[in-house]
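Take a look at the structure set out below.
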Amino acid sequence: MVIPLKGCLAIFGGFIIHFTLGTVYTFGNMNPYLTSYMKFYSKSPEINYPQSTWIFSLSLAGQGFSMALGGLIETRIGARFTALFGSWFMSLGVILSSLTVKSYFVLISLTYGVMFGVGTGVAYSVAIAAAMKWFPSRKGLVGGIVAAGFGGGSLVFNQLQTFYINPDNVKANYTLDGDNYFDQPEILDRVPSCFIVLGSTYAAMQLLGALLLFPVPPVGHSPDDQQQPLILPQSSEEHQHSRQSQEQQQLQLSPRQLVKKPIFWILWLTFLVNAQSLVYISSQYKAYGLYRQFDDHFLAITGSVSSVFNSGTRVVWGLGHDLLGYWRPMLALCTGAAVLLATFYLSSSAAFYFIYVCLMFAFFAGNFALFPAACAKLFGSKFFSVNYGLIFTGNAISAILGAILTSAIKEAFGWLALFITGASFSAAGVVLSLIFLALTRARSGSTGSVQQTGG
């Protein structure tokens, strides 16, 4: 068995690209700096934390609505240039935010929200698909490794943001409507230039990652066996269902065919409800920590460590899909997220807050390993980038809904009501996972073949 070198490099390249795209999760850390700066220095001084959630939500929406576009662009210019185009568009949005943060809220929402999200969406599934094609027998594991980069970006960049803007751990000491903001000039003056540093760093890393996205050569056209895709040996359970697996691999659903399948809409709805809790925690965990009077450096460390869980568990979730199918890990994910969100308000001490945030990111991470693996398994790899982009629109719509609910619920009822709402959405994911199981069993006619259809 020869492992293809270029296949391994493609995984690493995809990981690097996702490492920069995943800095969307640094918004929770950047939010207090950005919102504080705009409250005192911009032309939108009325901004508050619930309103700034719109920036994060627009980035998720842009990602979801543009992901299918990335798949279409890939058919014209290839994975490498599509990934580079999308990721550089995202980096440009970050750099331009150094200007728009001084202006109106709608402009920072355009650059740090929409441009960030659209660029991410164009590059996201293309980078995963480029790596998966080298290892067709281990789509879940390979997709989980690449997506681990998306979860791990905040590990480094949370610390970089805080070290650059608030190296002395100055406390946010301006309180308005129960929320704490920074008003110190030595903190706020560093915010615009931080966007330039971040965007430039992202762009350099993205160039390297795109160069490593080697295409899979046609069979028989490579002079080196190390450059052929690797089909790994099957486990005993996989071998038992080899006939169903071959039939499944022959199934290549086009986007037009995909949207006619009930199982597609179950996946879409599951992504929608699961993404609600992601919006609440990713955008507001630090604002909630400031509400609990935790210091800035502790919150930055919490965000960075939670990104390790966000990153590392994606590989575990992806491997879980390869071994157990889709519905079992998804059922565990939704149940765990519901329990954690329902009890998050009890985390009044620093230790419990730290544990809760890390565990929640560990559970949320599973969405981004399980959904792409299930999409490739159920609907084929030929149209993967577009098909997964269609599933991801559930996340996009959820992001907009999450911004509306965050503003309405947090301002009217407080933090506890917001977390309970998120838990309710995750509980709906439990129900949808069981509906998925029922549909796959009805389609296959036996529990044995459910394993091969994502069950």
Side-chain angles (χ1 to χ4, degrees), residues 10-11 13-15 17-19 21-22 24 60 63-64 66-71 74 79 82-83 86 120-152 213 248-249 251-253 255 258 261 263-264 266-272 274-275 278 310-311 313-330 333 364-396 398 429 433 436 453-455:
I11 293 176
F15 179 91
I17 291 173
H18 272 239
F19 197 82
L21 303 180
V24 65
L60 293 185
Q63 179 185 357
S66 65
M67 196 174 291
L69 174 63
E74 179 190 9
T82 303
T120 298
V122 169
Y124 186 95
S125 62
V126 171
I128 293 178
M132 279 185 173
K133 289 175 181 177
W134 284 96
F135 301 90
S137 300
R138 289 294 181 266
K139 292 183 176 71
L141 178 60
V142 171
I145 293 173
V146 174
F150 200 90
L213 292 181
Q248 189 67 33
Q249 289 174 6
L251 181 63
Q252 302 288 343
L253 293 183
L258 179 73
K261 300 293 184 181
I263 201 167
F264 161 78
I266 293 299
L267 292 174
W268 187 89
L269 284 171
T270 307
F271 214 153
L272 187 150
N274 284 1
L278 176 66
N310 190 0
S311 175
T313 55
R314 294 186 185 213
V315 180
V316 177
W317 289 111
L319 184 59
H321 175 277
D322 288 342
L323 297 176
L324 302 173
Y326 164 82
W327 77 269
R328 294 180 182 86
M330 182 55 69
L333 184 157
F364 300 156
N367 291 296
F368 304 100
L370 294 177
F371 282 114
C375 179
K377 175 76 77 174
L378 290 165
F379 312 127
S381 59
K382 182 178 180 180
F383 303 100
F384 171 81
S385 296
V386 178
N387 287 346
Y388 184 53
L390 292 176
I391 293 175
F392 210 91
T393 58
N395 184 59
S398 184
S433 298
F436 175 92
T453 57

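Side chains are part of it too, since the values below use all heavy atoms of this structure and drop only hydrogens, waters and symmetry mates. Because the structure is predicted, anything quoted here is derived from the model rather than measured.
Atom CZ of F264 and atom CG of L378 lie 12.0 Å apart (nearest 0.5 Å). Annotation: the span from T393 atom OG1 to W268 atom CH2 amounts to 6.0 Å, rounded to 0.5 Å. Here NZ of K261 is found 12.0 Å from CG of N387. Values are rounded to the nearest 0.5 Å. How far CG of L390 is from CZ of F271: 12.5 Å, rounded to the nearest 0.5 Å. One finds the CG atom of L258 at 10.5 Å from the CD1 atom of I263 (value rounded to the nearest 0.5 Å). Atom CG of L267 and atom OG of S433 lie 9.5 Å apart (nearest 0.5 Å).
Take Y388 and apply the ring pair (Phe, Tyr, Trp, His ring centres under 6.0 Å) test, not counting sequence neighbours, and it matches F384, F392. Partners of N367 according to the side-chain hydrogen bond (donor to acceptor under 3.5 Å, both in side chains) rule, which considers only residues two or more places apart in sequence or in another chain, are N274.
The two atoms that bring S66 and G121 nearest to each other are OG-CA, 3.3 Å, heavy atoms only. A pairwise comparison of heavy atoms in A147 and H18 identifies CA-ND1, 3.9 Å as the closest pair. When every heavy atom of L213 is checked against every heavy atom of G13, the shortest pair comes out as CD2-C, 4.1 Å. Contact detail for A123 and A83: the closest heavy-atom pair is CB-O, 3.5 Å. Among all heavy-atom pairs drawn from G143 and M132, the shortest one is CA-CE, 3.9 Å. Of all heavy-atom pairs between A148 and S311, the closest is O-OG, 2.5 Å.
Side chain of E74 to backbone of V126: no donor-acceptor contact under 3.5 angstrom is found.
Between L253 and F383, every side-chain heavy-atom pair lies at or beyond the 4.5 Å cut-off. Residues L333 and W317 are in side-chain contact: their nearest non-hydrogen atoms beyond the backbone lie under 4.5 Å apart. With contacts defined as side-chain heavy-atom distances shorter than 4.5 Å, the pair F379/I391 qualifies. For the pair F135 and L141, the minimum side-chain heavy-atom distance is 4.5 Å or more.
A tilted orientation is assigned to the rings of F371 and Y326, their planes being inclined by 30° to 60°. Using cut-offs of 30° and 60° on the angle between ring planes, the pair F368 and Y124 is perpendicular.
The only member of L269, L272, L60 that meets side-chain contact (heavy atoms from CB on, under 4.5 Å) when paired with S398 is L272.
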